[in-house]
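Below: the structure, in C-alpha cells.
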Amino acid sequence: MNMTPMIDVVFQLLIFFLTVSQVSRVNTEVLELPRLPGAEDQQTTSLTVNLNAAGELIVLGEKQSMSAVLEIARERIGSVGGEASLMTTTLRVDRRSSSRPVNELVTALRGLGITRVRIGVESPQ
Amino acid sequence: MRLSSHKQRSGETELPMTSMIDVVFLLLIFFMVTTSWHQAERELDPGIQVRESAGDAAARDLEPALVEVRRAPSGPVFRLAGRDFEDAQALTDVLRQFPNKTEGAVVLVSDAVEFDAAATAIQACKSADFRAVTYMPAGDL
C-alpha cells in the first residue's frame, strides 16, 4: 500500500474540516464592534445576541423581536438545567447603536435571571 | 551500506507532479486558514444589574466606583466622583487610583449615549484591574 498519497489525503481532509468548523464559528452578523482591547479571549457561549446600528436584534442570522429573543433565552436556560446563572450570553453590539436597546435587552435578560453577559469587542491590531 | 543509484545512472531527473500538486494545495489551504480577514474579537465580561429604585443616594454612596456614562453637548462623557471625563485614558488613570478593586465597579449607562461609550467605560474599569464590572441601565440620565 502506498502511504504517501494516503497521508496527503488524510491531511487534506483534516484541514478541510478544520476550515469548515472555523467558518461556522465566525459566521456571525457583520457588525462594527467597539474597537477595544477586551479582557479575555472568546469563549464558547450559550446564546449570542447581535444588535445592529439600527437597534435590531439578530439571533442565528434572523431579525427577532425582543419577546422572541427572550423565548430563545428561556429555551437555552432549559438546556443548561434551568439554572439561568449558568447561561453564558454574549452581546455583539454595533458601536454606533444607541444604548437604549441594549439597556432594554439587559433589563429583560435580568428579568430571566441572566446576570452575566459578555460584550464582544474588536481587538485593534 | 548500499544505496540505490538507479536515477543517477539513468541520467534523468523525474519530477513527480502529483506530490507537487498535493503540497501546493496544502500550502494554499494553510495560508487561507491562517489569514485573518476580520479583526480578532475579544470579550468584556460585566455582570448585569437593574436599578430597582431611583434616588437611593445612601446605597449609591457605598459603591466604590460608579462611572456614569451620559450625554453632554460635546458628546458622551464619563462622570466619576463628580468629575466629568471625555477621555477614556484619563478615566482609566483615575480608576487605577481606587484602592479597593475587589468590590468592583458599576457602569451606569444612559439611554442617550452610543453603545461605544458604554463599552469604553467598561474597558476602562477592566483596564484599571477592577475584578468585576457591573452594567446598569440608567434610563435617561
Side-chain angles (χ1 to χ4, degrees), chain A residues 4-5 7-9 11-12 14-16 18-19 22-23 26 28 30-43 45 51 53 55 88-111 114-125, chain B residues 16 18-19 21-23 25-30 32-34 36-52 69-71 76 88 107-127 129-130 132-141:
Chain A
T4 310
I7 291 167
D8 279 343
V9 168
F11 269 109
Q12 294 275 9
L14 178 70
I15 292 172
F16 171 76
L18 278 172
T19 313
Q22 189 179 350
V23 166
V26 299
T28 46
V30 178
L31 299 172
E32 280 195 32
L33 299 178
R35 295 206 178 100
L36 297 167
E40 53 199 40
D41 289 331
Q42 278 187 296
Q43 297 173 7
T45 184
L51 209 154
T88 316
T89 307
T90 300
L91 300 185
R92 296 179 74 252
V93 183
D94 195 295
R95 61 196 170 98
R96 299 161 297 178
S97 166
S98 162
S99 290
R100 185 182 298 276
V102 184
N103 288 352
E104 289 171 357
L105 178 63
V106 160
T107 306
L109 290 174
R110 182 72 181 83
I114 297 171
T115 54
R116 297 205 74 80
V117 295
R118 296 179 195 281
I119 291 171
V121 296
E122 206 171 77
S123 301
Q125 285 181 340
Chain B
T18 310
S19 305
I21 291 167
D22 277 343
V23 170
F25 268 109
L26 274 172
L27 288 172
L28 176 69
I29 293 171
F30 172 77
M32 281 174 66
V33 172
T34 53
S36 177
W37 301 103
H38 298 283
Q39 301 271 29
E41 284 186 23
R42 299 193 81 213
E43 289 171 344
L44 293 165
D45 183 18
I48 53 178
Q49 187 176 334
V50 179
R51 189 169 55 178
E52 300 294 343
V69 186
R70 56 171 66 211
R71 175 161 290 287
V107 177
L108 206 60
V109 182
S110 162
D111 285 350
V113 296
E114 287 187 349
F115 182 73
D116 196 34
T120 302
I122 295 169
Q123 179 71 66
C125 296
K126 287 284 183 184
S127 299
D129 296 329
F130 279 92
V133 180
T134 301
Y135 182 101
M136 191 185 290
D140 296 316
L141 264 178

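Residue numbers start from 1 in every chain, and the chains themselves are labelled A, B, ... in the order their sequence lines are given, proteins ahead of strands.
- Separation of atoms CG (L14(A)) and CG (L26(B)) is listed at 10.0 Å; rounding is to 0.5 Å.
- R96(A) meets the salt bridge (Lys or Arg N to Asp or Glu O under 4.0 Å) test with E32(A), D94(A); sequence neighbours excluded.
- In this structure, E43(B) CD and R92(A) CZ are separated by 10.0 Å, a value rounded to the nearest 0.5 Å.
- Between L109(A) and I48(B), the closest side-chain pair of non-hydrogen atoms falls below 4.5 Å.
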- Report the C-alpha separation of V106(A) and Y135(B) in whole Å, then their side-chain angles, then the decisive distance to 0.1 Å, and conclude whether the side-chain contact (heavy atoms from CB on, under 4.5 Å) test is met. CA-CA 8 Å; V106(A) 160; Y135(B) 182 101; 4.0 Å; yes

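- For T18(B), no part lies under 4.5 angstrom from a heavy atom of chain A.
- No part of P101(A) comes within reach of chain B, as not one of its non-hydrogen atoms sits under 4.5 angstrom from that chain.
- For L36(A), the parts sitting under 4.5 Å from any heavy atom of chain B are the backbone and the side chain alike.
- For the atom pair Q12(A) CD and I29(B) CD1, the distance stands at 4.5 Å (nearest 0.5 Å).
- Among the candidates Q43(A), E40(A), E122(A), the residue making the largest number of heavy-atom pairs closer than 4.5 Å to chain B is E40(A).
- Heavy atoms only, all atoms of each residue included: T107(A) and P137(B) are closest at OG1-CG, 3.6 Å.
- Atoms OG1 and CG, on T90(A) and L44(B) in that order, are 11.0 Å from each other to the nearest 0.5 Å.
- Closest heavy-atom contact between R42(B) and S123(A): CG-OG, 2.9 Å.
- Between chain B and the residues A39(A), G111(A), G120(A), the most heavy-atom pairs under 4.5 angstrom are made by A39(A).
- The distance from atom CZ of R35(A) to atom CG of D116(B), rounded to the nearest 0.5 Å, is 9.0 Å.
- Counting heavy-atom pairs closer than 4.5 Å to chain A, the top-ranked of the candidates P46(B), A118(B), G47(B) is P46(B).
- A distance of 13.5 Å separates CD in E114(B) from CZ in R100(A), rounded to the nearest 0.5 Å.
- For V109(B) against S99(A), the heavy-atom pair with the smallest separation is CG1-OG, 3.5 Å.
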